[in-house]
Amino acid sequence: MELILASESASRRAMLLAAGVPVTCVGAQVDEGAIRDSLRAEGRRVRDVADALAEAKAVKVSRRHPGALVLGADSMLAFGDRHIDKAESIAAARDQLRALRGQPHSLVSAAVVALDGVPVWRHVGVARLVMRDFSDAFLEEYVAAEGEALLTTVGGYRLEGLGAQLFSAVEGDYFTVLGLPLLAVLGYLRERGVMAA
Ligand SMILES: Nc1nc2c(ncn2[C@H]2C[C@H](O)[C@@H](COP(=O)(O)OP(=O)(O)OP(=O)(O)O)O2)c(=O)[nH]1
């Protein structure tokens, strides 16, 4: 059975391919902002918003690919009562990192699998990260080194790269930070017989 990844995330695609999961990537082109704003207005938790976005992506693509398992995903930061998404500018990413400095936050990655337009599996992974109280000088060096990459990730960091220097502690699943609760996804694929058990 073919697995389609309803995502344009290079990180998610790389994780699955590295784990030996052949995937075809198809962008979902979902209006994430509209869904996010309406659920936030209802006071929904970050994990529920991420889950709803992952479902919207998986269901939309699976309607176009009958018979294929379609995996959608979404990651968001929970910082206090704030829901944080990808920054829209380098300046905004810098401000966001300054706000997160010296504080704990959670990174939530939701995954939903759909088949023929119907969600058939879901999982939300949560990792807790403690950002160290880095200096302004460090932050400027980091921002200059990362550049546009700051806009591609929800926290403005790549834990597997320079982002490691931002943290004093990370609790939870490494893959969840990178954008997928990968171990749970692999478990489901084995249940479905897509991968050898
Ligand atoms: N490589 C890497 N990526 C990260 C890290 N933290 C977050 N991300 C990425 C994973 C996702 O690509 C992105 C979260 O944004 P979204 O959930 O909106 O996904 P994205 O817009 O990238 O693709 P999609 O909406 O699925 O088409 O942040 C990290 O530490 N390393």
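One-based numbering, in listed order, for ligands and for the atoms of each.
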Nearest neighbour in protein (non-hydrogen) for atom 29 (C) of ligand 1 =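 Checked against all protein heavy atoms, atom 29 (C) of ligand 1 sits closest to Y157 O, 3.5 Å.
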Where does the angle between the aromatic ring planes of H123 and W121 fall among parallel (under 30°), tilted (30 to 60°) and perpendicular (over 60°)?
->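 H123 vs W121 ring planes: parallel.
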When you check the gap from the basic side-chain N to the acidic O, do E42 and R44 get nearer than 4.0 Å?
->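 Answer for the salt bridge query: yes.
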Selected option - heavy-atom contact closest to atom 20 (P) of ligand 1, from K86, K57, E32 |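 Among K86, K57, E32, the closest heavy atom to atom 20 (P) of ligand 1 comes from K86.
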Numbered atoms and elements of ligand 1 in range of L159, under 4.0 angstrom, heavy atoms |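 Here the atoms of ligand 1 in question are 29 (C), 30 (O), 31 (N).
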Considering the heavy atoms of S75, write down every atom of ligand 1 situated less than 4.0 Å from one of them.
->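 So the atoms of ligand 1 that pass are 14 (C), 17 (O).
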Ignoring hydrogens and angles, tell me if any N or O in the side chain of D74 forms a donor-acceptor pair with the backbone of A110 under 3.5 Å.
->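 The answer is no, because no donor-acceptor pair under 3.5 Å joins these two groups.
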How far is atom 12 (O) of ligand 1 from its nearest protein heavy atom, and which residue and atom is that?
->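 The protein heavy atom lying closest is S9 OG, 2.7 Å.
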For ligand 1, is there an N or O atom under 3.5 Å from any N or O atom of V154?
->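 Yes, since at least one N or O of V154 sits under 3.5 Å from an N or O of ligand 1.
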Short list, please: which atoms of ligand 1 are under 4.0 Å from a heavy atom of S7?
->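 Counting from 1, the qualifying ligand atoms are 23 (O), 24 (P), 26 (O), 27 (O).
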Is there any N or O on T153 that sits under 3.5 Å from an N or O of ligand 1?
->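 No: no nitrogen or oxygen of T153 is under 3.5 Å from one in ligand 1.
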Pairing of R101 and D136 as salt bridge, 4.0 angstrom limit =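 Salt bridge present between R101 and D136.
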Which residue and non-hydrogen atom of the protein lie closest to atom 3 (N) of ligand 1, and at what distance in Å?
->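 Its nearest protein heavy-atom neighbour is S11 OG, 3.4 Å.
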Distance-only polar pair, side chains of Q29 and E8, donor-acceptor under 3.5 Å |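 Yes, side-chain donor-acceptor contact under 3.5 Å.
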Just do the side-chain contact (heavy atoms from CB on, under 4.5 Å) check on F167 and R132 with the steps written out, would you?
-> CA-CA 5 Å; F167 297 101; R132 66 185 183 82; over 6 Å; no
Would you please determine whether L180 falls within less than 4.0 Å of ligand 1 on a heavy-atom basis?
->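 Contact check L180 vs ligand 1: negative.
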Looking at side-chain heavy atoms only, is the closest gap between Y157 and L107 below 4.5 Å?
->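 Side chain of Y157 against side chain of L107, heavy atoms only: contact under 4.5 Å found.
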Does R40 pair with D85 as a salt bridge, N-O distance under 4.0 Å?
->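 Between D85 and R40 there is a salt bridge, with a charged N closer than 4.0 Å to a carboxylate O.
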Do me a favour and list the nearest non-hydrogen protein atom to atom 7 (C) of ligand 1 with residue, atom name and distance?
->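 In this structure, atom 7 (C) of ligand 1 has V177 O, 3.5 Å as its nearest protein heavy atom.
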In the protein, which heavy atom is nearest to atom 27 (O) of ligand 1, and how far is it?
->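 Going by distance alone, atom 27 (O) of ligand 1 is nearest to E8 N, 2.8 Å.
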Within the structure, does A6 bring an N/O atom to less than 3.5 angstrom of an N/O atom in ligand 1?
->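 No - when backbone and side-chain N and O of A6 are compared with those of ligand 1, no distance drops under 3.5 Å.
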Atom indices of ligand 1 within 4.0 angstrom of A73 heavy atoms, with elements |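 It comes down to these atoms of ligand 1: 26 (O).
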R12 and S109: side chain donor to acceptor below 3.5 Å |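 No.
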Report the nearest protein non-hydrogen atom to atom 31 (N) of ligand 1: residue, atom name, distance rounded to 0.1 Å.
->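 Heavy-atom neighbour on the protein nearest atom 31 (N) of ligand 1: E160 OE1, 2.9 Å.
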Could you tell me whether K57 and E32 make a salt bridge, using a distance below 4.0 angstrom between a side-chain N and a carboxylate O?
->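 Counted as a salt bridge, because a side-chain N and a carboxylate O are separated by less than 4.0 Å.
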Just one of L69, L17, L71 clears the side chain to side chain contact (heavy atoms under 4.5 Å, CB included) bar with V23, so which one?
->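 Answer to the side chain to side chain contact (heavy atoms under 4.5 Å, CB included) test with V23 among L69, L17, L71: L17.
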Taking non-hydrogen atoms only, is T152 closer than 4.0 angstrom to ligand 1 via side chain, backbone, both or neither?
->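 Within the 4.0 Å criterion, T152 contacts ligand 1 through backbone atoms alone.
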Charged tip of R94 within 45° of Y142 ring normal and under 6.0 Å |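 No, cation not above the ring by the 6.0 Å, 45° rule.
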Would one find an N or O of G179, backbone or side chain, under 3.5 Å from an N or O of ligand 1?
->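 No; the residue has no nitrogen or oxygen that sits under 3.5 Å from a nitrogen or oxygen of the ligand.
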From atom 16 (P) of ligand 1, work out which of M76, R12, R36 has a heavy atom at the shortest distance.
->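 Result: the heavy atom closest to atom 16 (P) of ligand 1 is in R12.
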Would you mind checking which non-hydrogen protein atom is closest to atom 10 (C) of ligand 1, with the distance to 0.1 Å?
->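 Looking at atom 10 (C) of ligand 1, the protein heavy atom closest to it is L178 O, 3.5 Å.
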Atom 18 (O) of ligand 1 [closest protein heavy-atom partner, distance rounded to 0.1 Å] =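 Looking at atom 18 (O) of ligand 1, the protein heavy atom closest to it is D74 OD1, 3.6 Å.
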